[in-house]
Amino acid sequence: MRLVGKRAFVTGGRQGIGLGIVNAFLAEGAAVTTCGRGARPDDLPQGVAWFALDVSIATDVGRVSSEIGAIDILVNNAGVQVEKTVVDSTDADWDLVMGANARGVFNICRAFIPQMNAGGAIINIGSISGNVADPSMALYNASKAFVHGLTRSIAVDHGPDIRCNAICPGWIETGMLDAGFDLANDPDKARADALARHAMKRFGKPADIASMAVWLASNDAGFVTGQ
């Protein structure tokens with residue numbers, strides 16, 4: 001129960017990593033609010049507040065932040081992926097990917113930082129793709145590099161009252177994993193090759209990322225920021 005008495009807001013909590021973090025925060029005693037595009041999903045745990053929200057729209061983010069009020073933990077997880085090179089990417093692809101992954105994180109942080117309690121923690125979900133380039137995912141790679149840079153800036157500008165860190169997942173068993181392998185000429189071979197390069201001989205699960213998020217949100221990580 002490391003998060004008892006803390007209020008958390010997690011974006012993109014409908015499925016995958018986001019839902020894993022929502023469940024883990026609940027289990028650790030936090031009061032959790034989450035959001036996503038569209039109606040509340042049927043399998044969202046009872047007691048979790050839901051907002052229909054497109055994080056790329058600043059005015060909507062401002063409205064939701066006013067309704068939620070002060071929080072202790074902010075997790076920027078909402079994101080999308082488009083599998084294209086720079087040449088193949090359209091203006092609509094730019095608006096979709098950079099809108100959710102870059103502008104959305106910026107919008108949420110700008111709205112919530114002024115109302116975060118002292119000692120609060122921001123956890124941004126970056127990606128290994130922000131450090132190295134996955135093929136045919138130019139906009140996604142760039143958007144996650146933005147998240148990493150913004151994480152360091154927030155840590156410098158808003159510490160010590162707020163800590164800010166990014167988790168950079170690799171191969172995690174979500175819909176994005178399957179979409180990435182589907183790009184290969186031989187998806188089964190690509191999956192086997194990726195698995196062979198994992199020391200743990202398995203892909204990660206949302207619960208693996210959620211465990212790290214719990215630690216970063218807790219007082220146990222009180223000296224960790226900008227990472």
Side-chain angles (χ1 to χ4, degrees), residues 7-26 30-45 47-58 60-65 67-68 71 73-83 93 95-113 121-130 137 139-141 143-144 146-148 150-151 154 164-180 204-214 216-217:
R7 302 183 71 234
F9 180 50
V10 180
T11 69
R14 177 184 296 278
Q15 59 190 354
I17 290 173
L19 182 57
I21 293 173
V22 167
N23 288 330
F25 281 6
L26 278 177
V32 183
T33 300
T34 190
C35 70
R37 297 182 182 183
R40 179 189 178 97
D42 293 335
D43 59 349
L44 194 68
V48 175
W50 172 266
F51 284 89
L53 177 65
D54 181 342
V55 296
S56 70
I57 302 174
D60 290 350
V61 169
R63 172 183 54 79
V64 168
S65 68
E67 292 189 41
I68 292 175
I71 60 172
I73 305 163
L74 174 62
V75 180
N76 282 295
N77 168 76
V80 297
Q81 175 178 301
V82 169
E83 298 83 23
D93 295 329
D95 290 340
L96 176 64
V97 177
M98 301 305 286
N101 298 5
R103 186 188 301 120
V105 175
F106 174 81
N107 284 342
I108 291 288
C109 288
R110 182 174 58 178
F112 278 91
I113 285 175
I122 297 174
I123 302 164
N124 295 325
I125 303 301
S127 174
I128 191 174
S129 302
M137 292 210 301
L139 288 174
Y140 184 81
N141 296 337
S143 71
K144 291 303 183 178
F146 170 89
V147 169
H148 300 170
L150 188 67
T151 296
I154 291 171
C164 186
N165 295 285
I167 299 175
C168 305
W171 299 93
I172 308 298
E173 292 180 348
T174 67
M176 285 188 176
L177 180 81
D178 295 329
K205 300 180 182 299
D208 295 317
I209 305 304
S211 294
M212 185 177 293
V214 167
L216 286 172

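- Counting non-hydrogen atoms of other residues, nucleotides and ligands closer than 6.0 Å to CD of Q15 gives a total of 12 or fewer.
- Residues F146 and N101 have side chains not in contact (no heavy-atom distance under 4.5 Å, counting atoms from C-beta outward).
- Between L216 and I167 there is a side-chain heavy-atom pair separated by less than 4.5 Å.
- In this structure, CD on E83 lies 10.0 Å from CG on D93, to the nearest 0.5 angstrom.
- Contact of the C35 side chain with the V64 side chain is not registered, since no non-hydrogen atoms from C-beta on lie closer than 4.5 Å.
- Nearest heavy atoms, G20 versus A210: O-CB, 3.3 Å.
- In this structure, NZ on K205 lies 12.0 Å from OG1 on T174, to the nearest 0.5 angstrom.
- Residues C168 and H148 come closest through the heavy atom pair SG-NE2, 3.4 Å.
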Would you please test N23 and V32 for side chain to side chain contact (heavy atoms under 4.5 Å, CB included) and show each step? CA-CA 9 Å; N23 288 330; V32 183; over 6 Å; no
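- In this structure, T34 and T11 have side chains that are not in contact, with every pair of non-hydrogen atoms separated by 4.5 Å or more.
- For the pair T33/I71, no side-chain contact is recorded, criterion being any heavy-atom separation below 4.5 Å from C-beta on.
- In this structure, the side chain of D208 does not engage the main chain of G204 through any donor-acceptor pair within 3.5 Å.
- Looking at L19 and L44, their side chains come closer than 4.5 Å, going by heavy atoms from C-beta outward.
- For the pair I128/P169, no side-chain contact is recorded, criterion being any heavy-atom separation below 4.5 Å from C-beta on.
- A donor-acceptor pair is defined here as one N or O able to donate and one able to accept, closer than 3.5 Å; such a pair exists between the side chain of N107 and the backbone of V55.
- Annotation: the span from L150 atom CG to C109 atom SG amounts to 5.5 Å, rounded to 0.5 Å.
- With K144 contributing its side chain and A102 its backbone, the two residues share no donor-acceptor pair below 3.5 Å.
- To the nearest 0.5 Å, the span separating CG on N124 from CZ on F106 amounts to 13.0 Å.
- With N77 contributing its side chain and G12 its backbone, the two residues share a donor-acceptor pair below 3.5 Å.
- Of all the heavy atoms in V80 and L96, the pair that sits closest is CG2-O, 3.5 Å.
- Across all non-hydrogen atoms, the minimal contact from G18 to V10 is O-CG1, 4.1 Å.
- Proximity of F51 to I68: side-chain heavy atoms (C-beta onward) are separated by under 4.5 Å at one or more points.
- Taken to the nearest 0.5 Å, the CZ atom of R103 stands 12.0 Å off from the OG atom of S143.
- Proximity of a side-chain donor or acceptor of N76 to a complementary backbone N or O of I123 within less than 3.5 Å is not detected.
- Shortest non-hydrogen contact noted between R14 and W50 is NH2-CZ2, 3.5 Å.
- By the neighbour-count criterion of 12 heavy atoms within 6.0 Å, atom CE of M98 is densely surrounded, having more than that number from other residues, nucleotides or ligands.
- Separating the CD1 atom in I122 from the CG atom in L74 is a distance of 5.0 Å, to the nearest 0.5 Å.
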Are V48 and L26 close enough, and set up right, to give a side chain to side chain contact (heavy atoms under 4.5 Å, CB included), and what steps lead you there? CA-CA 8 Å; V48 175; L26 278 177; 3.4 Å; yes
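- Nearest approach of S56 to G99, heavy atoms of both residues: CB-O, 3.2 Å.
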